[in-house]
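Chain A is the first sequence line, chain B the second, and so forth, proteins listed ahead of strands; every chain is numbered from 1.
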Amino acid sequence: MTAPVTAADPAPSRPRRRPPRADARSSAGLRDALTIAAVWLLLGTVTALVRPDFLSTQTLLAVTFTMAVAGVLAVSQGLVVISGGLLDLSLPVALILSAWVTVSLLGAGLPTIVAVLAGPLTGAAWGLLNGLIIVYGKLNPIIVTLATGFGGLAIMLVLFKSAQIPSGSELRAFGLGRTLGLPNVFWPMVILIVLTGLAVAYTRWGRRMVAVGGNAVAAKARGLSLPRTRLAVFGGAGAIAGFAGVLFCSVNPSFTPNAGAGFQLIVIAAVILAGISLSGGKGNFLVLLLSVGFLSTIPVSIAFFGLPPAWSLVFQGGLLILAVGIDGYRMRRSAR
Amino acid sequence: MKHVPHRPFTLAAAALTAAALGLTGCSSEGSGGGGGGEDDGTFTLGFAVGGQPDADWQDLQGDVAQALAEQRGWDFVELSNDNSEATATTNADLFIQEGVDLVMMFNGQPSANPVIAKKYEDAGIPVITFDIAQEGWYFVGVDNAAAGTAGGTALGEVAKAEWDCEVDLVISAEGTSAGQINEWRTGNAREAVAEVCPDIPEDAYVSYEADGNLTTSLQNAPGVFAANPDAENILVVGINDQAVVGALQAATQLGRDDNIMGWGQDGGLITGDNVDPNLAGSVMYFLEGYPAFAFEIADAIAAGDVPEVKDTGDDAAVSVKPCPVSQEEAAEVPSIDERVAALADAEQGTTAYDLFCPAAAG
Amino acid sequence: MGNGAGTDDHDLVLRADNITRRYGAVVALADASLSLRRGEVMGLVGDNGAGKSTLLKVLSGAVIPDSGSIVVDGSPVSFKRPSDAMNAGIETVYQDLALVDTMSAVQNVYLGREELSRNPLLKALNVVDDRGMRKQARDTLAELKVGIQTVNVSVKGMSGGQRQCLAIARALIWGRRIVILDEPTAALGVRESQQVLELIGRLRDHGVSVILVSHNMQQLVQVADRVTVMRLGRSIAVRDVKDVTPEQIVGLITGALPADAQAPEDTATVIS
């Protein structure tokens, strides 16, 4: 709700401070997109100036490969954030649990299609579990998923020490292959981001999810069910994380229960950097794709600069702080 | 409080064994050693396993220690630290109550170690710690510096044999958060490669952050290959097998796996059905066999000949000897359960390295 | 004095009789009644704690009464939740306006009732008909003379008056016959308040019936046809606005003027 307007109202003809644009929302998205694209371009340009061989198919392969799993996870996290679910800190568990189920079924000799579908199903079940605790316990999602993240990791440590995808399986072959010159795992990520972006922007389902995230009280007053929306979002986001698990195990021949931890930072950074505010209710998935691409280029650039390895951690931490700072700035500005 | 699996390999059983073997005097004379409270004269060893759920070698350390204590006719008390600071601290109280003469432990949550150390110090009980150093405790751990050198040398030898040392790139998959251990394993490996193949140019050595796990390694390694587009013959060393395999997998993704060889550390991914074909070898530590090394100290203490405390990784009380193995050799190494059984039956003073390392046999 | 109580039932779109609601020992509503004719603006006034808010909540389905009856368009209804009231054609514009800041005007207007594309394939995919919704929203807002330049603008940048008008206009677009407004001008300046009052008048011209809660007697007298006065959880008087002065209404609210019906003085503590 806006601040109360003073009794002395301005003259009727006085123009508003900023004239309305054709579409204020999409122009904000456009601004975010251009900003990230510009920063990305800057990073690429600087790297290419120092190392002209940066502009190569090897770089393209490296960046697109790095984007794949992180990008899918970012979609999952993005949906949670947009819907006002704050953050899902248990994404690494959803990722690894699904990957484990998938490779276990493959190892048991089940058809590839069954194993591949089991991944998203596992993720959806995990997400629903989170959702049920959050909705019926009326608890803060960050606290809940922090707890289930720990608990889930503990359970996985009991279930398995390390998991391997059968080296001769079709899924493994898919993970090693390329299409149109780029890694196979890159394409499902791009398709997923585009489809999710369209669904959020142009379907009734997406509208309502955004509304619940933007103003839960208002959404409820319009007859939308908050519990049902929350459950659907956590379930759906979980299914997407499970899909990430399928891609993950196709490229990671061996993984341990805590192998997902490394994705936590980059995924959250990508979401926030993309302007998907932690306060919920808005987000553009095309910007998210750019954001993931930018963050995935950083380790490659670091390699080209020949910086010591610890720098990539410094960069990631610094970027997260920057992203949170930008998010805070956006919120303060829009609150004026 | 957490459940403490108190597995007192019962005093009765210990005494029985001791009597049957007729080893130590179990009557009146005080046996050598620190001496506990209500001591019946038998030397008592307290053993706290790490209790981390993802590491079966930790429980197996307890099994090996138990077998070795049985051999000597000692009393043996085993507890689990449950991977928890609180449990580890409680266990110290229990051991002190029990009046043990010596404690061995792996504590993966070492933040409570200073407190625990004070307790043992006050009780006058010596402690042997595995892999994680604490001031005043005998340190038993793998010689990481030697492990790095062994891995690097082995990899250099393969490069010399296969490529005549024509190497374009030596990638180091690091885990900087491991600090000095990372430096020993990766730095020494690089030096060892350079030792074997001195003509590799200095700028062919590159490092990247793998954080000691395959997933992070696989996320960060592609950039390294992209940044060195002309490199054909590539070597990979790293802090552990996971980090090295991450680099090898990235090479496969970028189509750079025609001429690449890696040599890992810790042997984590060198056995099994899905060993990366480009992982030429690794360095095994036989973690389950640590107690065999630790018993060198224990025997001295039991004999009343308390050795000087050496409590750092640089200057270890006993260094566990690392064992470089090629992929073919690794397949021949007995499984961990077989190794535990063999260690239990081996004569005193025999270590896992002596029994299972191909290098020791050769 | 023509107090407007005697109305033909067929003319009533809403009739709430003898509504009682207790919270434990506390009686919030005691035999409160309210009737609403087609196309009229009914003011609802009373001191703080007189039961206005609870009555509004009962009529909008947010609170279930202990006893009493509600009849909408001649059929008895029983609201269990807000959507029941909405489905019966009652739209409530809350004080917090119920707008989603991050969404555009048209998206807010259609929130919860998005129209799906007419293309069968897109419809099957749950895709909304943005073009159609925009057009209808634009037309309706123009008809109501709501000064919103373009319906694509995020509501965040809108003035309080524009937001309030949008929230009210939504009722008409949704085809509601009864609109409940709770202090719609409370946060607005003079000029913006005037816009809202004019909009309420135009709603009436469209045949919509309005229940208007306000503390501002000047505004009430300007826009309302009748006024229901509440005191201590009871509806104590109904007046045609043209027959009374603001001072008389205030008298009824404070008890300076006697109630029409004799209120028993043993009523338990009353809260809003």
Chemist: Who wins among B:Leu269, B:Leu218, B:Val206 for the most heavy-atom pairs under 4.5 Å with chain A?
Modeler: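 Result: the option with the highest number of such pairs is B:Leu218.
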Chemist: Taking side chain as everything from C-beta outward and backbone as N, CA, C, O, which of these in B:Val224 sits under 4.5 Å from a heavy atom of chain A? Side chain, backbone, both or neither.
Modeler: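 For B:Val224, backbone and side chain are both near chain A.
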Chemist: Mind ranking B:Gly223, B:Ala221, B:Gly272, B:Ala227 by heavy-atom pairs under 4.5 Å with chain A and telling me who comes out on top?
Modeler: B:Ala227
Chemist: Please examine the side chains of A:Ile302 and B:Tyr208, heavy atoms only from C-beta on, and report whether any two atoms are closer than 4.5 Å.
Modeler: no
Chemist: Output the option from A:Ala70, A:Ala261, A:Pro183, A:Ser254 having the highest count of non-hydrogen pairs under 4.5 Å with chain B.
Modeler: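 It is A:Ser254.
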Chemist: I'd like to verify something: which residue of A:Phe255, A:Phe263, A:Phe65 has the highest number of heavy-atom pairs under 4.5 Å with chain B?
Modeler: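 Most heavy-atom pairs under 4.5 Å with chain B: A:Phe65.
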Chemist: Who among A:Gln164, A:Arg178, A:Met156 has the most heavy-atom pairs with chain B under 4.5 Å?
Modeler: A:Arg178
Chemist: From A:Phe248 CZ over to B:Thr215 OG1, what is the distance, rounded to the nearest 0.5 angstrom?
Modeler: 3.5 Å
Chemist: Among A:Gly262, A:Pro253, A:Gly177, which residue forms the greatest number of heavy-atom pairs with chain B at distances under 4.5 Å?
Modeler: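 Looking at each option in turn, the highest pair count goes to A:Pro253.
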Chemist: Within a strict 4.5 Å, meaning less than it, do heavy atoms of the B:Pro229 and A:Asp53 side chains meet?
Modeler: yes
Chemist: Under 4.5 Å heavy-atom distance to chain B, tell me which part of A:Phe54 shows up: side chain, backbone, both or neither.
Modeler: neither
Chemist: Using a cut-off of under 4.5 Å on heavy-atom pairs, state which of B:Leu214, B:Asp211, B:Asp276 scores highest against chain A.
Modeler: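 It is B:Leu214.
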Chemist: Give a yes or no answer on whether the side chain of A:Gln58 reaches the backbone of B:Pro222 with a donor-acceptor pair at less than 3.5 Å.
Modeler: no
Chemist: Using a 4.5 angstrom heavy-atom cutoff, name the option from A:Leu60, A:Asn252, A:Val300 with the most pairs to chain B.
Modeler: A:Asn252
Chemist: With only heavy atoms counted, which part of A:Phe305 is less than 4.5 Å from chain B, the side chain, the backbone, both or neither?
Modeler: neither
Chemist: Working to the nearest 0.5 Å, report the span between CG of B:Asp257 and CG of A:Leu176.
Modeler: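 Rounded to the nearest 0.5 Å, the CG-CG separation comes out at 8.5 Å.
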Chemist: Report, as yes or no, whether the 6.0 Å neighbourhood of atom CD on A:Glu170 holds more than 12 heavy atoms from other residues, nucleotides or ligands.
Modeler: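 No.
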Chemist: Need one label for A:Val251: side chain, backbone, both or neither, based on atoms under 4.5 Å from any heavy atom in chain B.
Modeler: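 The answer is both parts of A:Val251.
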Chemist: Identify which part of B:Gln249 has an atom lying under 4.5 Å from any heavy atom of chain A, answering side chain, backbone, both or neither.
Modeler: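 Only the side chain of B:Gln249 comes within 4.5 Å of chain A.
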Chemist: Looking only at heavy atoms and a cut-off of under 4.5 Å, which of B:Asn228, B:Asp230, B:Leu254, B:Asn213 has the most pairs with chain A?
Modeler: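 Greatest number of close heavy-atom pairs with chain A: B:Leu254.
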Chemist: Under a 4.5 Å heavy-atom cut-off, does chain B meet the side chain of A:Ile266, its backbone, both or neither?
Modeler: neither
Chemist: Which distance, rounded to the nearest 0.5 Å, do you find between the CD of B:Gln242 and the OG1 of A:Thr256?
Modeler: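 Result: 5.0 Å between the selected atoms.
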Chemist: Is the CD atom of B:Glu232 crowded by more than 12 outside heavy atoms at less than 6.0 Å?
Modeler: no
